[in-house]
Amino acid sequence: MRSTAKAVGTAPGKVILFGEHAVVYGRPAIAVPVFEVQARAEVSLGEPGQGVILEARDLDLRYPLSSASADDALATIVWKTLARLEIPPQPDILISVQSTIPIARGLGSGAAVSTAIVRALARYFGKHLTSRAISDLVYEAEKLYHGTPSGVDNTVIAFGKPVYFVRGRTLEIFWVKTPFLLAIADTGIVSETKDVVADVRRRYEENLGRYEFLFDEIAEIAYQGRGAIEMGDLPRLGELMNRNHAVLQAIGVSCPELDRLAQAALEGGALGAKLSGAGRGGNLIALVTPETRGRVDLFLRLAGAKRIIITEVS
Ligand code: MEV
């Protein structure tokens, strides 16, 4: 077994541009990586006989893999990756994880941490894994974070490119004709994807016809959104974001704070705005230009945004 003294793996955050929730029910979603935030994992040689030690300094955690429970998502990704890389159990290594991606805000922090761990382990043991293999491994850990994940988070984060994603289908990476800017505004409200997805499932089962209709509406928006991105039609893209937000309100996953931020972004001059991710907190995304970004930023802050990241999609 070849190993280096130290290996690092990183992964970006993500936002969903179109299609959250509907994607769980087989409709398309568009997601883009966010490189302004990052998860980082470092694997180094541990003490002889200690086995695998997991460390997350941000969370004040340090524990041996052997003591982790079966529903520990960090441990799960390590177990699965070591098995995939055919490394004998319990090598003496320290896996240290850090992340600047806010947790439970729809930015894919769980998938990014898992991706960083897989990459660092593969590098440490001198093995190569394709983006597809990394994405598939991360999906296994996502099940612990999310319950019934569609797979969009692990896909966009492992590939690190804008994706048009339909569950169970071959991934499509598409062309962004005109790079554009998104302001990502944090409500500061923690929202657990697992809980919101489970609530949407309950509502769906109680009112199948209505929810199928709403998901179809989102599918159409995502399809047209891809066209707008490929054509570089930013006003149209903004309009579709507004429409997607309205359907997400109808589904019951927005909240007054997200609606307030959406309104403020539009008043500040954004071309469109919508919640991104599971909703009921987390982040709002707004389509801005170099001319409007400052004003939109100000309006969002005045409306209560706790943190704003501007990212370029290209
Ligand atoms: C979470 O980032 C997006 C959801 O659509 C859940 C999923 O796709 O698994 C809400």
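When a ligand or atom number is given, it counts from 1 through the structure's own listing order. Quick note: residue numbers are just sequence positions, from 1. Note that this is a predicted model, so its numbers are computed, not measured.
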* Please work out whether any backbone atom (N, CA, C, O) or any side-chain heavy atom from C-beta onward of Val196 is under 4.0 Å from ligand 1, and answer side chain, backbone, both or neither. => neither

* Asked: Which residue and non-hydrogen atom of the protein lie closest to atom 9 (O) of ligand 1, and at what distance in Å?
  -> Ser150 N, 2.8 Å

* Ion pair Arg280/Glu192, N-O distance below 4.0 Å -> no

* Ion pair present between Arg203 and Glu205, side-chain N to carboxylate O less than 4.0 angstrom? -> no

* **Arg27 to Phe215, cation-pi by 6.0 Å centre distance and 45° axis angle** => no

* Short N or O distance, Thr148 and ligand 1, threshold 3.5 Å exclusive -> no

* Asked: So is His146 polar-close to ligand 1, meaning N/O to N/O under 3.5 Å?
  -> no

* To do: Go through ligand 1 atom by atom and flag the ones less than 4.0 Å from a non-hydrogen atom of Val23.
  => 5 (O), 8 (O)

* Would you say Ala278 contacts ligand 1, with heavy atoms under 4.0 Å as the rule? -> yes

* Asked: Can you check whether Glu20 has an N/O within less than 3.5 Å of an N/O in ligand 1?
  -> no

* **Closest candidate by heavy atom, reference atom 4 (C) of ligand 1, pool Lys143, Lys14, Arg27, His21** => His21

* For Thr289 and Leu181, which heavy atoms make the closest approach, and how far apart are they? -> C-CD1, 4.0 Å

* Would you call the rings of Tyr211 and Tyr204 parallel, tilted or perpendicular if under 30° counts as parallel and over 60° as perpendicular? -> perpendicular

* To do: Can you measure from CZ (Arg295) to CD (Glu267) and round to the nearest 0.5 angstrom?
  => 9.5 Å

* For atom 3 (C) of ligand 1, closest protein heavy-atom neighbour -> Ile16 CD1, 3.5 Å

* Which of the atoms of ligand 1 are close to Val152, meaning less than 4.0 Å from one of its heavy atoms? -> 8 (O)

* **Salt bridge Glu239-Arg236, side-chain N to carboxylate O under 4.0 Å** => yes

